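Written below as structure tokens is the structure these notes are about.
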Protein chains: 2
Amino acid sequence: MDQNNDRTRTARPSPLHQRIRSDIEARILSGEWSPGYRIPFEHQLMVEYGCARMTVNKALYSLAEAGLIERRPRAGSFVRRPTVQSAVLAIPDIKAEILARNEAYRYELLSLRKRLASKGDRDLLDVPPAATILHLRCRHFAGPRPFALEERRIVVDEVPNIAEADLRTEPPGTWLLQHVPWHSAEHQISAVNADAAVASLLGIRIGTACLMVDRRTWRAGAAITAVRTWFPGDLQKLVTRFAPSSAAGAVSAAETR
Amino acid sequence: MDQNNDRTRTARPSPLHQRIRSDIEARILSGEWSPGYRIPFEHQLMVEYGCARMTVNKALYSLAEAGLIERRPRAGSFVRRPTVQSAVLAIPDIKAEILARNEAYRYELLSLRKRLASKGDRDLLDVPPAATILHLRCRHFAGPRPFALEERRIVVDEVPNIAEADLRTEPPGTWLLQHVPWHSAEHQISAVNADAAVASLLGIRIGTACLMVDRRTWRAGAAITAVRTWFPGDLQKLVTRFAPSSAAGAVSAAETR
DNA sequence: GGAGGGCAAAGGTCTATACATATCGTGCCG
DNA sequence: CGGCACGATATGTATAGACCTTTGCCCTCC
């Protein structure tokens with residue numbers, strides 16, 4: 001019909017399946033098609049856009065993956081009701097983050113011990129008693145100010161070549177991110193008052209609110225590392241933007257301890 | 001070849017493109033194929049699985065969307081290096097969340113005003129001076145204890161039928177979630193010390209660390225509502241699990257104020 | 001009037017094919 | 001010897017058709 005259908009001519013006509021997808025998405029997001037609305041059948045859309053069913057299918061499949069619609073054989077595709085406010089949260093490597101802000105980064109190792117897994121380690125990381133744990137604490141500075149305090153346990157058996165890392169000069173998170181390729185993680189974010197030790201190390205007053213992030217990381221089912229990080233509350237904000245187009249269905253939950 | 005290829009016989013043979021996808025994903029996650037590795041060409045996989053290229057393409061397209069691989073014409077598909085620790089965070093409706101934990105939920109409206117947008121409102125919500133704002137504060141109780149304190153602005157012009165909601169008995173978040181179908185949002189999570197007002201309303205001591213969540217919500221580019229919620233630090237934890245299979249590429253960032 | 005069977009419409013998956021597009025090497029030409 | 005043009009190759013997108021499963025709903029039978 002229009003020139004967008006003529007792929008040989010226009011500059012970058014943006015894939016048809018993507019155009020279909022965003023057309024429908026726009027109508028859902030604007031509220032024109034509200035939850036429960038049955039969107040046109042694949043066959044109807046295929047006629048409307050003058051394309052093959054596979055193309056329409058790709059668009060709808062993608063919308064279903066994003067959680068905007070629900071597809072039911074024989075019945076059709078329906079606009080879903082949003083359930084929870086979900087958001088994709090990025091918790092980047094601290095070193096990279098500070099450098100990205102054009103601030104001077106400095107790293108300081110406070111303590112480092114290698115030992116057999118304690119009871120606490122086993123509960124936290126689900127490792128056998130014979131596992132070797134590298135336990136360390138360190139600080140990250142942005143310019144002159146302490147930016148974060150970190151306490152970390154690393155399961156040496158899962159990451160044997162950690163021995164090659166010089167943890168006196170290189171942050172363990174950065175090293176792990178670069179040398180342990182892919183993993184799944186669990187985060188817990190909470191607010192705590194700084195106790196004497198934390199306050200002194202972060203250069204803040206006792207009782208100052210801190211953002212505390214606990215992260216556990218697994219690869220192929222085996223725990224690699226557990227880390228607890230404290231940020232002075234006024235220094236760090238976790239920011240996140242969410243649009244249904246980009247994020248997938250959430251598999252998470254909020255809990256109280 | 002095997003019975004999985006014979007779709008007419010087996011119980012639920014799981015789509016072929018999905019099997020291909022998880023085969024490859026497993027090899028990436030296990031580290032067998034580490035970052036930079038060039039995975040087999042579509043043509044090779046198509047021979048290996050004895051299927052059409054479109055089927056392989058669907059699997060690889062999906063892996064690329066999830067951010068596990070990067071595809072380059074002529075060059076091939078490569079395992080990506082993970083960049084940031086991203087996580088899908090769910091921030092559910094407070095009422096639903098408390099009820100889901102089998103605790104008694106109670107809602108209390110503290111104040112409610114309707115007025116023209118102030119300078120602060122305009123900066124926050126990007127609305128014209130003539131916009132009408134509903135400004136309210138309320139508390140959420142889990143059992144006998146205050147669970148959260150909420151301060152909210154609603155752009156009445158965008159949600160005219162908010163007038164139908166009885167905000168003296170119904171939490172505005174719950175109402176909005178049910179009546180304003182789809183939207184995008186921005187979250188900021190930080191830790192603050194409770195000031196006198198917050199502490200008194202949450203029944204905690206002044207200075208107690210609180211998790212503060214700021215959320216702004218848009219629909220079709222127009223701001224709907226902005227809300228700031230305080231949780232006593234020991235009552236609320238944001239928990240999130242992340243596996244590369246489920247989450248999409250993050251579009252977020254961490255910032256300092 | 002209710003229960004069950006069967007039909008057909010809709011999505012789910014896959015094939016075989018086609019052409020577009022991006023880019024890496026190679027080889028030609030200045 | 002260096003730079004540029006071109007072709008080979010891998011991905012990107014789309015088509016038209018096929019067959020399957022699922023399931024809403026009608027129609028029949030009890």
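Letters A, B, ... are given to chains in the order of the sequence lines, protein chains preceding strands, and every chain is numbered from 1. Computed from a prediction, not measured in an experiment: that's the story for all the values here.
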Atom CZ of Arg38(A) and atom C1' of dA9(C): how far apart are they, to the nearest Å?
11 Å

Please check the phosphate of dG12(C) (OP1 and OP2 only) for any side-chain N or O of Arg71(A) closer than 4.0 Å.
yes

Taking the side chain from Tyr49(A) and the backbone from His17(A), do they hold a donor-acceptor pair closer than 3.5 Å?
no

In terms of the nearest nucleotide of DNA chain C, which residue is placed more toward the 5' end: Leu60(A) or Pro73(B)?
Leu60(A)

Map Arg53(B) and Lys58(B) onto DNA chain C by nearest heavy atom, then report which one ends up closer to the 5' terminus.
Lys58(B)

Atom OH of Tyr49(A) and atom P of dA14(D): how far apart are they, to the nearest Å?
13 Å

Please report, rounded to the nearest Å, how far the P atom of dA8(D) is from the NE2 atom of His43(B).
17 Å

Does Ile20(B) form a side chain to side chain contact (heavy atoms under 4.5 Å, CB included) with Cys51(B)? I'd like the steps, not just the answer.
CA-CA 11 Å; Ile20(B) 299 176; Cys51(B) 66; 4.1 Å; yes

Which sits closer to the 5' end of DNA chain D, Ala75(A) or Met54(A), going by the nucleotide each is nearest to?
Met54(A)

For Gly76(B) and for Arg72(A), locate the closest nucleotide of DNA chain D by heavy-atom distance; then report the residue assigned to the nucleotide nearer the 5' terminus.
Gly76(B)

Any side-chain to backbone donor/acceptor pair from Trp182(B) onto Arg80(A)? Under 3.5 Å, distance only.
yes

Among dG12(C), dC14(C), dG12(D), the one nearest Glu42(B) by side-chain distance
dG12(D)

Report yes or no: is the cationic atom of Arg81(B) (NZ for Lys, CZ for Arg) under 6.0 Å from the centre of the six-membered ring of Phe78(B), at an angle within 45° of the ring normal?
no

Heavy atoms from C-beta onward define the side chain here; which of dG24(D), dT11(D), dA14(D) lies closest to that of Thr55(A)?
dA14(D)

Rounded to the nearest angstrom, tell me the gap between atom CG in Asn57(B) and atom P in dA16(C).
16 Å

Provide, to the nearest angstrom, the distance between the CG atom belonging to Leu45(B) and the P atom belonging to dA10(D).
12 Å

Value in whole Å for how far the C1' atom of dA9(C) lies from CD of Gln44(A)
12 Å

Answer yes or no: is there a donor N or O on one side and an acceptor on the other, between the side chain of Ser22(A) and the main chain of Gln18(A), under 3.5 Å?
yes

Expressed as a whole number of angstroms, how long is the span from Phe41(A):CZ to dT22(D):P?
19 Å

Please report the distance, rounded to the nearest Å, between CG in Leu16(A) and P in dA20(C).
16 Å

